[in-house]
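One structure below.
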Amino acid sequence: MIATLLDPKSVSDLMAELSAAGLPASDLAEAGRRFFRFEDDAGIVGYGGIEGDGSDRLLRSLVVKADRRGCGLGGAILAAVERAAADEGATSLYLLTTTAEPFFRRNGYETAERTDVPAVIAQSAEFRSLCPASAALLYKWIA
């Protein structure tokens, strides 16, 4: 699988995929976010991203195209995004999800308490307003 870093101003395809999947997409072009497009010989597989610059990062917008789901590609995308974050110096990833908690748990993510998250995560738009309070908050040590 090939990963391509998206230009922050060229996220329209990502935005369309996220919207189709019912995931937040309104803040994709803001600073501090890096999104990747993943492709294989059959075409675009999906997208994934990282928000932040410190040791604690937010996993953002992991989505597999609808016609490519169910083949294990989500796990490959997740592993690639985790490697990219670790390569940049991250030691932990946090995420919020309303639909994919079992997937992330199968991939090593555990429950985090909202009151215990690092300030950089608690101050993110996704944490403050984009995801509902009912969203599962998960984390994983990646380093």
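If you read the sequence from its start, that first residue is 1, and numbering goes on from there.
Under the 4.5 Å side-chain criterion, counting only non-hydrogen atoms from C-beta, Ser124 is not in contact with Tyr94. Side chains of Leu23 and Val63 form a contact here, defined as non-hydrogen atoms less than 4.5 Å apart. A heavy-atom distance below 4.5 Å is not found between the side chains of Ile50 and Phe35. Looking at heavy atoms from C-beta onward, Glu88 lies in side-chain contact with Arg34 at the 4.5 angstrom threshold.
Using modelled atom types and a 3.5 Å distance limit, the side chains of Arg105 and Thr111 yield a donor-acceptor pair.
In summary, Glu82 and Lys140 engage in a salt bridge, as defined by a charged side-chain N under 4.0 Å from a carboxylate O.
By the criterion of side-chain heavy atoms lying less than 4.5 angstrom apart, applied directly or through intervening Ile, Leu, Val, Met, Phe, Trp or Tyr residues, Leu59 is not grouped with Leu96; the two fall into different hydrophobic clusters. At a threshold of 4.5 Å between side-chain heavy atoms, the hydrophobic network of Ile, Leu, Val, Met, Phe, Trp and Tyr places Leu78 and Met1 in one connected group.
Side-chain N or O atoms of Asn107 include one that pairs as donor or acceptor with a backbone N or O of Phe103 at under 3.5 Å. Lys65 places no side-chain N or O within donor-acceptor distance of the main-chain N or O of Gly43, the cut-off being under 3.5 Å. Checked by atom type and distance alone, the side chain of Arg69 never pairs as donor or acceptor with a backbone atom of Gly74 at under 3.5 Å.
Using cut-offs of 30° and 60° on the angle between ring planes, the pair Phe38 and Phe36 is tilted.
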